[in-house]
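Per chain, numbering begins at 1; letters A, B, ... match sequence-line order. None of the values given here were measured: they were computed from a predicted structure.
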There are 2 protein chains.
Amino acid sequence: MSDLLERLRGRGWRMTAQRRVVAEVLDGDHIHLTADEVHARAVAKLPEISRATVYNTLGEMVSLGEVLEVSTDRRAKRYDPNAHRPHHHLVCARCGAIRDVHPVGDPLTDLPDSERFGFTISDVEVTYRGTCPTCASA
Amino acid sequence: MSDLLERLRGRGWRMTAQRRVVAEVLDGDHIHLTADEVHARAVAKLPEISRATVYNTLGEMVSLGEVLEVSTDRRAKRYDPNAHRPHHHLVCARCGAIRDVHPVGDPLTDLPDSERFGFTISDVEVTYRGTCPTCASA
DNA sequence: GCTTGACTTAGACAAAGTCTATTGTAGGAT
DNA sequence: ATCCTACAATAGACTTTGTCTAAGTCAAGC
């Protein structure tokens, strides 16, 4: 069963067929779908679900902190259900494949006070770019 | 005089009023304008300049490596003329203010082989998020 | 001062996302 | 079990950001 769905249920989230389908579609590892991809897969399970609902539902999941928004390319946002283990992303510049990665150390400590401009820093986002093995050998 | 403009001229770039204006608008430190902001400022200096030209010109500057594209929020791309000193970005989550920052160390070395999935990594992009002093005191 | 190919233009088009007014329904109250 | 009501879903118009095209303009070399 869906971990994501369990977590959402546990928060008193009003459950509907649409929300269940969106949660099911998103569940898994190394999942980074765009809103439109989520919609396409949701429609396969529940043909009458609307685009607006998918956007709303994704937005709520992000607000609840159960799903992360990532924008690895400069086009559509992607949604990542792996919100409970902090991680960064590795993206293939050719084909767009995305992997979750866990660098050692904390990039926060690499930013000296003199480079903080008085900001209170709460979060760091790191995107590695390169070429995946498949594209490299092609 | 504009450094950016000098560099472009030195590459045999055909100079036109439109290109000059775009280069002038972009010149400076901690400049991170969206294409539309560039257009708005360009129009102030050269009323008949078109949106398409601004997009074209920005795209060419990026191809020439004289300007960087950054997407710190998930909306419009921003253009950064500071292309010759590698740097990352610090963004205020409230007001969107952006600073160029120079962390110590190289985040590339923080990613162990076991987390590279066979990729050849060519680039890292780091975005720090937080609250700027102005927003913190408001 | 011509000529020519590169540059610019206006506006149509496209993709991604937001908003609104209306209709539907989950889940508590009875 | 049924009713109510606030919350959720819907269709589709709208907005924002960016791309494309066909036709007109102009910088720079001759």
Side-chain angles (χ1 to χ4, degrees), chain A residues 5 8-26 32-64 66-80 96 98, chain B residues 5 8-26 32-64 66-80 96 98:
Chain A
L5 201 45
L8 292 167
R9 211 194 296 275
R11 286 164 173 263
W13 214 43
R14 180 163 156 185
M15 192 48 58
T16 67
Q18 291 82 348
R19 289 176 166 190
R20 183 165 24 250
V21 164
V22 170
E24 282 170 11
V25 162
L26 265 188
H32 307 90
L33 299 171
T34 65
D36 260 10
E37 285 163 357
V38 172
H39 181 235
R41 295 185 189 203
V43 162
K45 296 179 175 228
L46 185 68
E48 63 276 26
I49 193 172
S50 83
R51 234 159 51 87
T53 298
V54 170
Y55 277 100
N56 289 342
T57 304
L58 290 171
E60 284 157 24
M61 288 172 173
V62 170
S63 296
L64 289 172
E66 294 294 348
V67 167
L68 295 176
E69 254 178 33
V70 300
S71 35
T72 51
D73 55 19
R74 272 45 176 267
R75 318 219 16 173
K77 291 177 208 165
R78 291 175 178 277
Y79 294 88
D80 182 342
I98 304 173
Chain B
L5 200 44
L8 292 167
R9 209 194 295 277
R11 286 165 173 261
W13 216 41
R14 181 164 154 184
M15 192 48 56
T16 67
Q18 291 83 348
R19 288 176 169 190
R20 184 167 23 251
V21 164
V22 171
E24 281 170 12
V25 162
L26 266 188
H32 308 88
L33 300 170
T34 65
D36 260 10
E37 285 163 357
V38 171
H39 182 235
R41 297 185 188 202
V43 162
K45 297 179 174 229
L46 185 68
E48 63 275 25
I49 193 170
S50 82
R51 234 160 48 88
T53 297
V54 171
Y55 276 100
N56 290 342
T57 304
L58 290 172
E60 284 156 24
M61 288 173 172
V62 170
S63 297
L64 288 172
E66 295 293 349
V67 167
L68 295 176
E69 254 179 32
V70 301
S71 35
T72 50
D73 56 16
R74 274 43 177 268
R75 316 213 24 168
K77 291 176 208 168
R78 291 174 178 277
Y79 294 88
D80 182 342
I98 303 174

- Are any of B:S50's side-chain N or O atoms less than 4.0 Å away from OP1 or OP2 of C:dG11? no

- Task: Rounded to the nearest angstrom, tell me the gap between atom CZ in B:R20 and atom P in C:dC7.
- Result: 14 Å

- Item | Residues B:I49, B:V22; criterion side chain to side chain contact (heavy atoms under 4.5 Å, CB included); working and verdict | CA-CA 10 Å; B:I49 193 170; B:V22 171; 4.2 Å; yes

- Does the A:R11 side chain pair with the main chain of A:L64, one donor and one acceptor, at a distance under 3.5 Å? yes

- Sub-4.5 Å side-chain heavy-atom contact between B:Y79 and B:V25: no

- Give the rounded distance in Å between these two atoms: NZ of B:K77 and P of D:dG18. 6 Å

- Query: A:T57 side chain N/O closer than 4.0 Å to the phosphate oxygens (OP1, OP2) of D:dA8?
  - Reply: no

- What residue among B:R19, B:K45, B:R41 forms salt bridge (charged side-chain N to carboxylate O under 4.0 Å, His left out) with B:E24? B:K45

- Task: Would you mind reading off the distance between A:W13 atom CH2 and C:dG27 atom C1', rounded to a whole angstrom?
- Result: 16 Å

- Options C:dA16, D:dT19, C:dG27, nucleotide nearest the side-chain atoms of A:M15: C:dG27

- Would you tell me if any nitrogen or oxygen in the side chain of B:Y55 comes within less than 4.0 Å of OP1 or OP2 on D:dT19? no

- To the nearest Å, give me how far apart CD1 (B:I49) and P (C:dA10) are. 10 Å

- What are the two closest non-hydrogen atoms of B:E37 and B:H32, and how far apart are they? OE1-O, 4.2 Å

- Query: Rounded to whole angstrom units, what separation is found between the CZ atom of A:R51 and the P atom of D:dT10?
  - Reply: 13 Å

- Query: What is the nucleic acid contact for A:R19, judged by heavy atoms within less than 4.0 Å: base, sugar-phosphate only, or nothing?
  - Reply: sugar-phosphate

- Please state how far atom CD in A:E48 lies from atom P in D:dA8, giving the value in whole angstrom units. 18 Å

- Query: Counting side-chain heavy atoms from CB outward, which of C:dC19, D:dA6, D:dA27 is closest to A:R14?
  - Reply: D:dA6

- Nearest of C:dG17, D:dT17, D:dT10 to any side-chain atom of A:A35? C:dG17

- Message: Quick check on C:dT9: is either OP1 or OP2 less than 4.0 Å from any side-chain nitrogen or oxygen of B:Q18?
- Response: yes

- Gap between atoms CG and C1', on A:L58 and D:dA9 respectively (whole Å): 14 Å

- Query: Reckon A:R75 touches a base, only the sugar-phosphate, or nothing at all at heavy-atom distances under 4.0 Å?
  - Reply: sugar-phosphate

- Over how many whole Å does the gap from B:H39 atom NE2 to C:dG11 atom P extend? 13 Å

- Item | Minimum-distance nucleotide to B:T16 side chain [options: C:dA12, C:dC7, C:dT9] | C:dC7

- How would you label the contact of B:A52 with the nucleic acid (heavy atoms, under 4.0 Å): base, sugar-phosphate, or nothing? base

- Task: Remember a base hit wins even if backbone is also touched, and classify A:T53 as base, sugar-phosphate or nothing at under 4.0 Å, heavy atoms.
- Result: base

